[in-house]
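One structure is given here, and the rest of the page talks about it.
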Number of protein chains: 2
Amino acid sequence: MPTATREPFLPVIRELVRTYQAFESFSNAHVRELGLTPPQFDVLATLGNTPGMSCKELSEQTLITKGTLTGVIDRLVDKGLVSRTAQEEDRRSVLIALTDTGQALFDQIFPAHLAHMRQAFAGLDNDDFSRICAELAKLRRSIGLAMENCKP
Amino acid sequence: MPTATREPFLPVIRELVRTYQAFESFSNAHVRELGLTPPQFDVLATLGNTPGMSCKELSEQTLITKGTLTGVIDRLVDKGLVSRTAQEEDRRSVLIALTDTGQALFDQIFPAHLAHMRQAFAGLDNDDFSRICAELAKLRRSIGLAMENCKP
DNA sequence: TATTGTTATACTCTATAACTATA
DNA sequence: TATAGTTATAGAGTATAACAATA
């Protein structure tokens, strides 16, 4: 006989995973229509309306590891959307920024993506948003504590 | 000047993504210690304590598309954890099931994984669980409606 | 004709670690 | 020594479509 696993947190995991998968599926379908992969869109969206940033900053914001980021940026450079510029202050560092073409694409697709995503929240009001954020934040804090306790 | 994007749902997206990423990072770190990739663990966990199921069912439950699933199962078969058996009723279909080795591994690592995950919920009580589930379910329903409206 | 699963293609991402060049 | 980023490896997952066997 299998042990009954009546863990009260299992429904939370199920719901979190399902909700996130629904969100991703809805978002990614639109991103792919735009001719980008999700990580490429992530980078583009992070660089939009900024003067650019180093690989390190970009890596921290997108949670893409530096090795992977090199490849993602390579493909965006190939598409002419992103540029790499040597930095004068610290010559180890590289400034990653949108090209004019990249900024133009961003200006076009980012609002379109927002409009697409707006539909996913059409059934909810601002009070719902507040409650959802509050509950998710509580959960995230709890996970964060566990991660700290696992490290040291 | 960039258009100000004061979309009230953006904080929800940010919080959902961050919370999910924290959850995944915490869960995957443990799964990889067990020598499995996340999709492989997903398949193993789905097959555990079942008599097995077809590729189609497995694909539906794990949300791994059938083409990808073939490769994931190949690697689990190579590890001796999963078997493929021809079905008599419908000879197009294949029964995917845990081998004895696979079931033994499942019996060993699934409780260990639950114990690991329990830590991530240590700061919360059953009322928190209910509230989080309720809010996530509301959000998921709204996303689901948008997906339906996009299709037809 | 429709369905189940495999194969084929071509990428894209991932983890990891070694390496280069600065600092 | 430490840091920023690239390169090198070796997988593994992804989307997509064509395909074989069966229903």
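Each chain gets a letter, A, B and so on, in the order the sequences are listed, and its residues count up from 1. Note that these values count all heavy atoms, side chains included, but never hydrogens, waters or copies made by symmetry.
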Which is true for [X] with a 4.0 Å heavy-atom rule: it touches a base, it touches only sugar-phosphate, or it touches nothing?
X     : answer
B:E89 : sugar-phosphate
A:T37 : sugar-phosphate
A:G71 : nothing

Does A:T19 use its side chain to pair, donor to acceptor, with the backbone of A:E15 at less than 3.5 Å?
yes
Is there a donor-acceptor contact under 3.5 Å from the side chain of A:S54 to the main chain of A:V94?
no
Between atom [atom1] in [X] and atom [atom2] in [N], what is the gap in whole Å?
X     : N      : atom1 : atom2 : value
A:E24 : D:dT14 : CD    : P     : 10 Å
A:F41 : C:dC13 : CZ    : C1'   : 18 Å
A:L76 : C:dT12 : CG    : C1'   : 12 Å
B:K79 : D:dG11 : NZ    : C1'   : 11 Å
A:D74 : C:dT12 : CG    : C1'   : 12 Å
A:M53 : D:dG5  : CE    : C1'   : 16 Å
B:Q87 : D:dA23 : CD    : P     : 11 Å
A:I64 : C:dC13 : CD1   : P     : 8 Å

Side-chain donor-acceptor contact under 3.5 Å, A:S27 with A:H116:
no
If you assign each of B:G67 and A:Q40 to its closest nucleotide in DNA chain C, which residue comes earlier from the 5' end?
B:G67
Using a cut-off of strictly less than 4.0 Å, decide whether [X] has a side-chain nitrogen or oxygen near OP1 or OP2 of [N].
X     : N      : result
A:T68 : C:dT12 : no
B:K56 : C:dT4  : yes
B:R32 : C:dT16 : no
B:S93 : C:dG5  : yes
A:R84 : D:dT6  : yes

When you get a sec, tell me which of C:dC13, D:dG5, C:dT6 is the closest nucleotide to the side chain of A:S54?
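Between C:dC13, D:dG5, C:dT6, the one nearest the side chain of A:S54 would be D:dG5.
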Side chain of A:R91 only, heavy atoms from C-beta on: which candidate in D:dT6, C:dT22, C:dC13 is closest?
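Out of D:dT6, C:dT22, C:dC13, the nucleotide with an atom closest to A:R91's side chain is C:dT22.
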Counting distance alone, no hydrogens or angles: does the base of C:dT3 have a donor or acceptor under 3.5 Å from a partner atom on the side chain of B:R92?
yes
Stepwise, does the salt bridge (Lys or Arg N to Asp or Glu O under 4.0 Å) test hold for A:D128 with A:R131?
CA-CA 5 Å; A:D128 290 318; A:R131 275 191 296 269; 2.9 Å; yes
Hey, are the side chains of B:I64 and B:L58 touching, using non-hydrogen atoms and a 4.5 Å cut-off?
no
